[in-house]
Amino acid sequence: MPLDKTFASTEIEPRLYEGWEREGAFACDPESNAVPFTIMIPPPNVTGSLHMGHALTFTVQDALIRYRRMTGRDTLWQPGTDHAGIATQMVVERLLEAEGIDRRTLGREKFLERVWQWKAESGGTITTQLRRLGASLDWPRERFTMDDGLSAAVKQVFVTLYREGLIYRDRRLVNWDPKLQTAISDLEVENQEVRSSLWYLRYPIAGESGRFIVVATTRPETMLGDTAVAVYPNHPTMAGLIGKFAVLPLVGRAIPIVADDYADPEKGTGAVKITPAHDFNDFEVGKRHDLPMPSVLDKTAHITVTEIEDVLAASERQINEAIVSDPGLAHDINKEFGAAQPAFVRSLEGLDRFAARRAIVAELERLGLIEKIEPHTHQVPHGDRGGVPIEPLLTTQWYCNAAVLAKPAIEAVESGRTVFVPKQWENTFFAWMRDIQPWCISRQLWWGHRIPAWYGPDGSVFVAKDGDEAAALALAHYGRAEPLAQDEDVLDTWFSSGLWPFSTLGWPEKTPELARYYPGDVLVTGFDIIFFWVARMMMMGLHFMGDVPFRTVYIHGLVRDERGQKMSKSKGNAIDPLQLIDRYGADALRFTICALTGPGRDVKLGEARVKDYRAFVTKLWNAARFCEMNDVRIDPAFDPASVSQPLCRWILDAARHAVSEGTDALEDYRLDEYALSGYRFVWNTFCDWFLEFAKPVFAPGDESSADPAAAAEVRATAAHVFGIILRLLHPAMPFVTEELWHRFGYGDEWTLIREPWPEAVTVPGAEAARAELDWVVRLIGLVRSVRTEMNVPPSSLAPVLLRDASPETMARAERWIEAIRRLARASEVRALTGEMPAGSAQAVLDEATVVLPLSGLIDVVAERKRLAGARDKALAEATKVSQKLANPDFVARAKPEVVEENRERLAAFQAEAARLEAALARIE
RNA sequence: GGGCGGUUAGCUCAGCGGUAGAGCAUCUCGUUUACACCGAGAGGGCCGGCGGUUCGAACCCGUCACCGCCCA
């Protein structure tokens, strides 16, 4: 059955994919002798659906995997998904909310059941979509970060790091997300610019009526928790206050005025209020000065006065006593007691932080304790998931000592055991790793790996892989059985993702797969994930496997829309890759992505681009149809080394060049160069010239030139080269190439995927063939150009005459007469000996002058102008080159071959100008 | 404030010491053994500014400007 007019991607692609999967074409083979090649998929969130960013990263990975598979490597592209703690919990919570259920009333057990149920029903979306894209993942090996095996790995790692002292509990400030009510790591915090105010507050100096110290703050509501004022040690006007006390307004707490460099005299007033429990910098100051650290905001970021209760009570007592002893003071209480307003403070209990801010500012204003308010724009940390400002909160959490783990990871990159592509990302990696902070790994969520730690009645901690082991530890500790309670928290999702390169291969079991496929070869991901994931895999891999998890980290850009805007659902500029696949086919989308993925560059992708490259898929398909119509069939006996015709030698040589270019590009992770080189070869060489030259051979215009042997050789060569094209393009366009591979009988269905990668084979006589075909192409181009410029309609044929042509040139013209006739619209091609026919257009090609007699069609004035223009251009070039050669420094210092090249160019330009001058003279 | 990247044809981008390129868009012409998702041809650029190194700079160095990201 002949090929349809176009490639019906929507029908053909799913059929091919199912075939590959059914036939086990994606499977790795741990038994084989081939060298393994491993890519670990960055596990997409189980909640996810395929977006453009996925399409980019997975297309790149699939192209690399398919390429290596064809080169004979035993490829493993490890599939799987991530349980995505917060994201998944939020999804299920939202579903429950729609049913009017709160997760807390449901309880932990029941809630987790619901999550697993949701995962079973909806968790497979992304894996189905990956198949639409053509991703050749080894599906039977699919893993999930909450699988039993991977969970065992998580416990093992946790217990080991705990026993090594690299995981520990600590009470310190964390980034608290008041919306999700969990701690989050530094990386999950995004600073957003917020337009707000800078409030200048006046804190009365204790015992010095009417004297104040002014502090500037962006967060007046936290002043309830202030326990000091810091002043720059050598501050010109305020240093004298150091050692005195201020009275904290509203609360009435006497707070020391301490000296600390943190109070930058360049900023604000040179004095800062210190709220150790609600600010990271203040926390450090608080530790340095041994300050109390009362929290005045709870886990939902509402005011709580519990921890300042004693101070409020004391203020109340003091005020009451003073009023009792001197009732006259009642009206002037502010002055005497530093404006303590315990009743007001108590009234704030339970108030949201922003409402509390307004209330406190209003009250301070009423008391005359606001010096001024300035508009102020600053960066406010927000939780990346919840989207609300995070609240530094003093809690006990589990931490991982990342600094220790980071050392070997840094060394591995320094020594080149792992290489980043492009290399500049190594700097980003180093900068972060060298200044790495303790990693908060506990999360106050339910969905995730529950922390394998149990607490005894006295709070002693027993870290063990399960309850029994913990009980045994407790027994040894207490000398008797005591009830234990497991830690309620779960681990940061990235904790389990960090183990992915070895947990998916069966670790901690010593499996053959682990021995064979670790370390992986290349990790492909976006730069936004270097810290979250790449760094953690490096740390964990080196610590537990003793080797880097991958040799190369290929960092690609982000997908943006045509205008360079980040794609996002909220902006409404997101393009759905599945829609593009529906409309244009997966091959078109994939090829577009490859063609646009420059190193370290973002990919600006619009529907129009995909549409453009779909044309290339169609072009390839049509070239196939042309071949089919002309009985191009593979000849099993074909030997490229034995072809005799220049045309065949030339296209084989061009194919060699394309293979070599494409292979080099893939080796260098230059998907763009790979795609574009294939594009140029197929379209601009194979279709535009080779097939056109083949036409007269396949169907000679007149019987006399028919040569069955020559035609057979061209057919066999065409089939051979087309087979190379299909293999070469397969990594970028797996579907159309696979389909044509089978339809043309190169192999069985679903077999191209495992065909050997084409080799760059040199054919004999390639250079001469290249020179010859190059001449023919230039001649045809020249004639076409002149004809168009002279407004000669394509329908009219004209002779192509060659003046002053060498015998060699004339022989070439003879050999290619049919092609020249067709492609240059020539009525005849021959040497011009005598006088030039009147009304001819002329052009120079090497030593010859091409004469086109166009009497009646040409405008002599225009022709003269055209020739003069061409001559001037040649002269200008010649002048440029001769000036260069006239420079003694150039001749003396430039590389000899460059000098020689320029001498040749000068001669060529001069000769061309002379011939054009002669041509001009002939018109007169 | 520190760091990274970018600035080349109308648009998107290659090129990164030795003749300025591609795709798209534009204009003109064209249905000829596949393909109008096509073919042929053409126009279009002081390669962001200013210095420097060099026989020679879009390319290397310095500096400035603007844009974008990352980290404080």
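Each chain gets a letter, A, B and so on, in the order its sequence line appears, and its residues count up from 1. As the structure is a computational prediction, the values presented were derived from the model and not from experiment.
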Atom pairs under 3.5 Å: protein N/O with N/O of nucleotides 19-21 of chain B:
unit_1	atom_1	unit_2	atom_2	d
U19(B)	O4'	Arg905(A)	NH1	3.2
U19(B)	O4'	Arg905(A)	NH2	3.3
U19(B)	O2	Arg905(A)	NH2	3.3

Tabulated below should be each protein N or O lying under 3.5 Å from an N or O of nucleotides 6-10 of chain B; please produce it.
unit_1	atom_1	unit_2	atom_2	d
G6(B)	O3'	Arg601(A)	NH2	3.3

N/O to N/O distances under 3.5 Å, protein versus nucleotides 26-31 of chain B:
none

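Separating the C1' atom of C47(B) from that of C29(B) is a span of 32 Å, rounded to the nearest Å. Taking atom C1' on both nucleotides, G10(B) is separated from C71(B) by 37 Å, rounded to a whole Å. Here, U53(B) and G62(B) have their P atoms 15 Å apart, quoted to the whole Å. With P as the reference atom, U19(B) and C60(B) are 16 Å apart, rounded to whole Å. Only the C1' atoms considered, U26(B) is 9 Å distant from G44(B), to the nearest whole Å.
Residues passing the salt bridge (Lys or Arg N to Asp or Glu O under 4.0 Å) test with Arg560(A), sequence neighbours excluded: Asp602(A). Remark: Arg385(A) engages Asn45(A), Ile86(A), Ala87(A), Met90(A), Leu180(A) in a side chain to side chain contact (heavy atoms under 4.5 Å, CB included) (not counting sequence neighbours). Not a single ring-ring contact (aromatic ring centres under 6.0 Å, His included) links Tyr674(A) to another residue, sequence neighbours left out. Remark: Ser785(A) pairs with Glu789(A) by the side chain to side chain contact (heavy atoms under 4.5 Å, CB included) rule, at least two apart or across chains. Qualifying side chain to side chain donor-acceptor pair (under 3.5 Å) partners for Arg778(A), counting only residues two or more places apart in sequence or in other chains: Asp774(A), Asp846(A).
Remark: the Arg625(A) side chain and the U33(B) base include no donor-acceptor N/O pair separated by less than 3.5 Å. In terms of polar N and O atoms assigned as donor or acceptor, the side chain of Arg614(A) comes within less than 3.5 Å of the base of C37(B) in a complementary pairing. Side-chain N/O atoms of Lys619(A) and base N/O atoms of C37(B) include no donor-acceptor pair closer than 3.5 Å.
Taking the ring axis of Trp439(A) as reference, the NZ or CZ atom of Arg536(A) stays within 45° of it and closer than 6.0 Å to the ring centre.
Side-chain atoms of Glu828(A) and Val800(A), non-hydrogen and from C-beta on, never get closer than 4.5 Å to each other. For the pair Asp282(A)/Tyr262(A), a side-chain contact is recorded, criterion being any heavy-atom separation below 4.5 Å from C-beta on.
The pair Glu863(A)-Arg787(A) does not meet the salt-bridge criterion, since no charged nitrogen lies less than 4.0 angstrom from a carboxylate oxygen.
Sorted by first and then second residue, the salt bridge (Lys or Arg N to Asp or Glu O under 4.0 Å) pairs involving residues 894-912 of chain A (not counting sequence neighbours) are Glu877(A)-Arg905(A). Under the salt bridge (Lys or Arg N to Asp or Glu O under 4.0 Å) criterion, the residue pairs touching residues 185-195 of chain A are Glu188(A)-Arg443(A), with sequence neighbours excluded.
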#### Entry: Contact state string [nucleotides 66-72 of chain B, B base, S sugar-phosphate only, - no protein heavy atom under 4.0 Å]
-------

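Asp672(A) places its CG atom 12 Å from the P atom of C13(B), with the value rounded to the nearest Å. Protein atom CG of Leu676(A) is 8 Å distant from nucleotide atom C1' of A22(B), rounded to whole Å.
The strand RNA chain B forms stems, runs of 3 or more Watson-Crick or G-U wobble pairs with distances below 3.5 Å, at B:1-7 with B:65-71, B:10-13 with B:21-24, B:26-30 with B:38-42, B:48-52 with B:60-64.
The nucleotide whose nearest atom lies closest to any side-chain atom of Phe890(A) is, among G41(B), C4(B), G18(B), G18(B). For Tyr679(A), whose side chain is taken as the heavy atoms from C-beta onward, the closest listed nucleotide among U33(B), C24(B), U12(B) is C24(B). Taking only side-chain atoms of Asn622(A), from C-beta outward, the nucleotide of G15(B), A40(B), C35(B) with the closest atom is C35(B). When the nucleotides A14(B), U12(B), U33(B) are ranked by their closest atom to the side chain of Arg670(A), A14(B) comes out on top.
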